[in-house]
Amino acid sequence: MMPAARESLLDAAYAALLRHPWSSVRMVDVAASARVSRQTLYNEFGSKEGLARALVRREADGYLTGVERVLTAPSDPGERLTAAAEWTAAAARENVLVRAMLTGCWDDRLPAPPLSAVPSTSAVPAQRRADGPLPSPSDFVALVRDRAVAALAGPGTATGEVRELARTCELVVRLSLSCAVAPPGQGRVAELVRHALPRQLR
């Protein structure tokens, strides 16, 4: 199957999730919405559980791609860290699956695939990846922290400075996750992060 068709199926599944609890989403309706046969859908994902894993994996990847984009933008380190926190809060506000992944709060409307890997017999590489481990909130903290450090530490940064930067980045990530759980008012994410940054990063 072409990657574009897989994306169309995942788009259809996400749109269905916004309208109905996942338990009520039917594979036949997802296939019809994406204009493919139900057999094609099963060939691609294996089962409804496989579709759920693929959907969660895609939304996790999309969130992390956004993190990467803002962390590598041409601006100073403090602004990039602030942008990463704002992106995290916005992604959690706008995407129900990102919010569930970042907070660990999966309500009964959502698919809640196990985070551990599941046995995969799929011939589809993207599905084999989806059948692997899915990130937990703690995994996201480490992933975003490490990406931030890699983006912000210069080639000659001393080991002690890298450790201090890692602590700052983790603090910002955890602060942004708290904003996902209890959203502050407009503009407050940036304000909270700026107050938390050490003086040299403001």
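What you see is a predicted model, and the numbers here were worked out from it, not measured in a lab. Quick note: residue numbers are just sequence positions, from 1.
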- request: Can you establish whether the number of heavy atoms outside R167 located under 6.0 Å from its atom CZ is more than 12?
  value: yes
message: Nearest 0.5 angstrom please: R19 CZ to S24 OG, how far?
response: 12.0 Å
Derivation of the side chain to side chain donor-acceptor pair (under 3.5 Å) call for Y63 and T88: CA-CA 8 Å; Y63 163 69; T88 295; 2.7 Å; yes
task: Report yes or no: does R99 contribute a side-chain atom to a donor-acceptor pair with the main-chain N or O of A180 at less than 3.5 Å?
output: no
message: Measuring from atom CH2 of W87 to atom CD of E94, what distance do you get when rounded to the nearest 0.5 angstrom?
response: 7.5 Å
- prompt: What's the spacing between Q39 CD and L41 CG if we round to 0.5 Å?
  reply: 9.5 Å
Heavy-atom check, side chain of F45 versus side chain of R53, under 4.5 Å: no
- prompt: Are E191 and R194 within salt-bridge range, i.e. N to O under 4.0 Å?
  reply: no
query: Mind checking whether V67 and L143 have side chains closer than 4.5 Å, heavy atoms only?
result: no
message: Checking salt bridge (charged side-chain N to carboxylate O under 4.0 Å, His left out) between D11 and each of R6, R35, R58, which is the one that passes?
response: R58
statement: Taking every heavy atom of P113 against every heavy atom of V56, the minimum-distance pair comes out as CG-CG2, 3.9 Å
query: CG of L51 to CD of E44: how many Å apart, nearest 0.5 Å?
result: 10.0 Å
message: For the CG atom of L9 and the CE atom of M27, what is their distance to the nearest 0.5 Å?
response: 8.5 Å
- prompt: Where is the tightest heavy-atom contact between V149 and A166, given as atom of each residue plus distance?
  reply: CG2-CA, 3.5 Å
Interatomic distance, L177 atom CG to S138 atom OG [nearest 0.5 angstrom]: 9.5 Å
query: What's the shortest heavy-atom distance between G104 and P137, and which atoms?
result: N-CG, 3.6 Å
